[in-house]
Number of protein chains: 2
Amino acid sequence: MFTNFITPAGRTGFYHRPASRTKRACQPFVRHAFVIFAIDNRPGENVYTKPADTMTPTIKDVAAHAGFSIATVSRAINAPHTVNPVTLEKVRQSIDALDFRPSPLGRQLRGERSRLIGVVLPTIANPVFAECLQGIDELAAAQGFRLMLMTTQYDAERERHAIETLREQRVEGLILTVADADTHPLLDELDHAGMLYVLMHNDTVRRPSVSVDNRLAAFEGVRMLIAHGHRHILMLAGTLAASDRARLRHVGYSQAMQQAGLTPAPALEIDFNADELAPSVLAHLTGSQRPTALFCSNDLLAMVVMRGLRRAHLDVPRDMSILGFDGLAMGELLAPPLASIGSPNREIGCSAWRRLIARIDGTYADASLSLTLPYTLREGATIAAISSHADAASARRSHETTPAAAQSGSSYQAAHSAG
Amino acid sequence: MFTNFITPAGRTGFYHRPASRTKRACQPFVRHAFVIFAIDNRPGENVYTKPADTMTPTIKDVAAHAGFSIATVSRAINAPHTVNPVTLEKVRQSIDALDFRPSPLGRQLRGERSRLIGVVLPTIANPVFAECLQGIDELAAAQGFRLMLMTTQYDAERERHAIETLREQRVEGLILTVADADTHPLLDELDHAGMLYVLMHNDTVRRPSVSVDNRLAAFEGVRMLIAHGHRHILMLAGTLAASDRARLRHVGYSQAMQQAGLTPAPALEIDFNADELAPSVLAHLTGSQRPTALFCSNDLLAMVVMRGLRRAHLDVPRDMSILGFDGLAMGELLAPPLASIGSPNREIGCSAWRRLIARIDGTYADASLSLTLPYTLREGATIAAISSHADAASARRSHETTPAAAQSGSSYQAAHSAG
DNA sequence: GTGAAAGCGCTAACAG
DNA sequence: CTGTTAGCGCTTTCAC
């Protein structure tokens with residue numbers, strides 16, 4: 001009835017070969033450090049010894065403990081209604097007793113879904129992305145998906161590595177924000193491989209994406225500045241000048257300037273991770289030819305610039321008006337509250353999620369691949385009106401400008417959707 | 001030589017049974033939608049058809065494509081030096097041609113490490129946790145680990161679910177911040193199950209953790225306020241009054257007050273997710289009995305309170321001094337820059353990571369389970385000195401108070417380590 | 001140097 | 001209602 005044997009791996013154990021007439025046979029049963037075998041005991045009368053704590057119990061352990069086959073255990077877990085209630089109860093007790101939890105590996109290996117989604121973000125230090133992630137996480141948790149997160153710091157090589165890693169993990173889809181979506185070979189690769197993904201914040205019509213219309217938003221924002229009488233407006237951008245978003249925002253800036261007969265300037269690049277503004281930048285902003293208004297490519301940058309100006313004893317908005325981009329909740333807590341073009345970050349995350357799931361489930365009926373969400377113009381109090389003939393120098397001397405004048409731009413307070 | 005057969009799954013295919021003398025035999029080869037078989041071709045002369053794009057290639061595909069066995073492919077990947085260079089090259093070409101990437105599932109199934117770490121955070125909307133995560137992510141990426149992230153919104157049930165999910169995923173360890181570490185049954189469970197974890201921010205000596213000494217930090221912070229002449233100091237805490245950190249901070253506050261012969265007040269609870277301060281709270285802060293200084297349990301809260309005060313036309317720090325907790329980078333960008341007790345969030349994340357890995361690798365020699373990191377007192381400019389006899393009313397009228405006076409507390413500017 | 005085969009944990013098809 | 005068995009993708013003896 002029992003046959004002593006040596007497994008190929010060199011482990012010893014006993015193999016119970018049931019007589020052919022025996023109704024319920026038991027599985028061979030070997031754990032690394034010790035030998036266990038289930039005698040042909042009646043359910044409940046088990047002889048099972050719980051494996052060492054470090055050994056995660058498997059379905060076999062449960063089966064042996066309960067005195068049933070692994071198939072029955074599997075059914076008890078995945079289709080409880082198909083098993084005898086008494087059996088079910090016994091199996092459940094064994095599961096509890098062993099603290100068993102089914103390994104997703106076995107399941108996935110069987111070709112089931114991994115219910116795993118990869119998220120690739122430049123950084124989570126920027127609340128813009130943290131807010132997106134928050135939205136994604138909320139939905140993922142509700143729908144029983146797991147998230148695997150990787151950050152890239154805007155680095156192309158890390159983007160590649162992240163996507164590679166995530167694909168290895170057999171994610172069902174990817175949600176990502178890349179530096180530059182249009183010219184991204186990796187995304188072509190994903191398309192080609194049939195790997196489903198949705199971009200966030202990457203403003204492109206060529207790929208599945210969710211974002212605001214960066215160009216239009218910037219255009220409207222700068223128009224507002226112009227409507228406040230500003231004629232010398234500079235755009236500041238972060239190190240992500242290689243980013244599609246920053247570029248589009250600069251296009252919007254340029255168009256607004258040109259429409260008003262003004263000359264757009266190249267974006268001034270800022271390292272907004274530095275503690276201080278670079279001297280050359282500060283010179284730009286404080287010199288006699290300095291602009292009266294600044295359009296910052298993102299809110300974090302705007303905040304750093306505001307601090308720099310304050311240290312240079314320039315008052316915002318009296319000496320300099322500031323408009324940010326992102327609509328960071330934090331901006332409202334500043335003094336004065338930061339005027340900003342707001343993107344619905346959390347909603348971008350949620351939308352990206354929904355679209356990805358729709359693609360995965362094949363219910364992605366929408367022909368248009370990219371989704372453009374409405375942005376908002378948050379007035380804040382960092383924008384002051386100046387008389388149209390005022391130049392930088394007079395603006396600095398002028399005391400007639402008042403923060404309250406910023407309210408006059410309220411006609412711009414609107415939600416735009418570029419559908 | 002070829003036997004037509006029907007697999008149990010109902011798929012048809014051809015099985016190549018090599019004559020016993022045949023040197024190189026081929027594996028049976030069946031894909032879902034179509035039949036492929038590798039003829040006993042010489043390497044390089046393959047008859048393999050690439051499967052549909054949606055089908056992730058497996059090691060079998062590579063083997064068939066290259067005309068070798070899966071064992072050889074496996075070796076080519078994991079132990080290149082053991083295979084014939086010519087073979088190796090052919091296999092590599094097949095891998096490239098099919099864009100094959102080994103599934104971690106198969107590997108893990110073989111009992112290898114999952115190289116997966118679970119991270120459980122209350123929220124990533126709070127930069128405190130985003131910064132921690134950033135630190136963790138950096139190290140994880142460098143060491144080839146993957147991160148699985150779940151957030152809990154301080155909810156016990158979600159904490160339970162997150163840990164459960166992560167354990168199912170067979171993470172090698174957990175890094176987490178829970179609402180209350182000492183009385184957490186889940187953590188006992190983890191201990192009991194031998195599941196390795198490290199807490200972040202949870203200030204407890206009973207469990208593996210990394211944090212600052214919240215009590216001492218609050219104590220020193222409030223002492224600084226007292227040294228600036230404040231006698232009526234209130235502590236504000238968020239909805240996380242059920243949090244161990246907030247509680248310890250309140251203990252520190254109370255001790256500092258008592259040491260100075262002052263009467264500590266219960267913490268005033270604030271919902272800092274709300275847009276506005278609750279009227280009752282505002283009444284507390286603006287009434288005739290109002291305090292001259294506020295100790296806020298976290299920076300986000302401090303910022304919301306500052307905005308509330310501004311709207312109530314109270315000036316910070318002239319009418320009210322504010323001390324926060326967290327040392328959020330953002331706080332420095334405020335006007336005035338927020339005084340805060342800083343915890344090295346990023347470093348907390350990194351340390352937690354290192355300790356977890358040390359535990360996993362079994363190199364965790366340190367007898368002390370909890371690590372206390374030094375905090376800093378960031379002066380900022382939201383704290384003003386008042387003359388020791390001043391009460392709230394006179395403080396409001398007084399103009400002799402100057403933000404610069406905050407500098408007088410610089411003797412407190414120090415790093416403390418409660419080892 | 002290479003191939004055959006076992007087995008990791010699990011599900012599902014099938015048999016009884 | 002329950003058990004047997006094949007097989008998911010991979011690594012790893014062992015044999016040739």
Side-chain angles (χ1 to χ4, degrees), chain A residues 6-11 18 20-28 30-32 43 56-63 66-88 90-91 100-112 114 168 170, chain B residues 5-11 17-18 20-28 30-32 40 43 56-63 66-88 90-91 100-112 168 170:
Chain A
I6 309 282
T7 69
R11 304 181 199 149
S20 54
R21 279 161 289 96
T22 304
K23 194 75 176 294
R24 193 175 353 81
C26 291
Q27 318 253 149
V30 186
R31 301 290 293 184
H32 293 208
T56 316
T58 78
I59 197 171
K60 280 191 191 170
D61 299 77
V62 177
F68 290 95
S69 72
I70 59 166
T72 299
V73 175
S74 177
R75 274 189 295 260
I77 295 167
N78 301 299
H81 55 279
T82 66
V83 330
N84 183 316
V86 181
T87 304
L88 183 58
K90 296 217 170 91
V91 170
F100 165 78
R101 58 203 85 225
S103 161
L105 276 81
R107 292 183 169 179
Q108 288 173 222
L109 210 44
R110 288 293 301 156
E112 288 199 0
S114 65
E168 275 182 5
R170 301 296 192 267
Chain B
F5 75 107
I6 309 280
T7 69
R11 303 182 199 144
R17 322 188 119 269
S20 54
R21 279 158 288 99
T22 305
K23 194 75 177 292
R24 193 174 353 82
C26 291
Q27 317 253 149
V30 186
R31 304 288 296 181
H32 294 209
D40 194 358
T56 316
T58 76
I59 198 171
K60 278 190 194 170
D61 299 75
V62 176
F68 290 95
S69 74
I70 59 167
T72 299
V73 175
S74 177
R75 276 187 294 259
I77 295 168
N78 302 299
H81 55 278
T82 67
V83 330
N84 184 316
V86 181
T87 305
L88 184 57
K90 296 217 170 93
V91 170
F100 166 77
R101 57 203 84 224
S103 161
L105 289 144
R107 292 184 167 179
Q108 288 173 221
L109 210 45
R110 291 294 302 165
E112 287 196 3
E168 274 181 7
R170 301 294 191 269

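None of the values given here were measured: they were computed from a predicted structure. In what follows, chains are A, B, ... by sequence order, proteins preceding strands, each numbered from 1.
- Minimum interatomic distance between Thr72(B) and Val83(B) (heavy atoms only, all atoms of both residues): O-CG1, 4.4 Å.
- dT11(C) atom P lies 6 Å from atom CD1 of Ile77(A), rounded to whole Å.
- Between Phe100(A) and Ile77(A), some side-chain heavy-atom pair lies under the 4.5 Å cut-off.
- Comparing dC10(C), dC8(D), dA5(C) against the side chain of Ala71(B) picks out dA5(C) as the nearest.
- To the nearest angstrom, C1' of dG1(C) lies 12 Å from CG of Leu88(B).
- Checking the phosphate oxygens (OP1, OP2) of dG7(C), no side-chain nitrogen or oxygen of Lys60(A) falls inside 4.0 Å.
- Regarding Asn78(A), its CG atom lies at a distance of 10 Å from the C1' atom of dA12(C), rounded to whole Å.
- Across dG1(C), dG9(D), dT2(D), the shortest atom-to-atom separation from the side chain of Asn84(A) is found for dT2(D).
- Rounded to an integer number of Å, the gap from Glu168(A) CD to dC10(D) C1' is 13 Å.
- With hydrogens and angles ignored, a donor-acceptor pair closer than 3.5 Å exists between the side chain of Arg75(B) and the base of dG3(C).
- Among the nucleotides dA5(C), dG3(D), dC10(C), the one closest to any side-chain atom of Ile70(B) is dA5(C).
- The distance from the CD1 atom of Ile59(A) to the CZ atom of Arg101(A) is 14.5 Å, given to the nearest 0.5 Å.
- Taking only side-chain atoms of Ile59(A), from C-beta outward, the nucleotide of dT2(C), dT11(C), dA12(C) with the closest atom is dT11(C).
- Between Ser74(A) and dC10(C) there is no side-chain N or O to OP1 or OP2 distance below 4.0 Å.
- The closest donor-acceptor contact from the side chain of Arg170(B) to the backbone of Glu168(B) lies under 3.5 Å.
- Between Ser69(A) and dT2(D), a side-chain N or O to OP1/OP2 separation shorter than 4.0 Å is absent.
- Comparing Arg170(B) and Thr82(B) against DNA chain C, the residue whose closest nucleotide sits nearer the 5' end is Thr82(B).
- Taking each heavy atom of Ser69(B) and Ala63(B) in turn, the nearest pair found is C-CB, 3.7 Å.
- Counting only heavy atoms from C-beta on, Thr72(B) has its side chain closest to dG3(C) among dA12(C), dC10(C), dG3(C).
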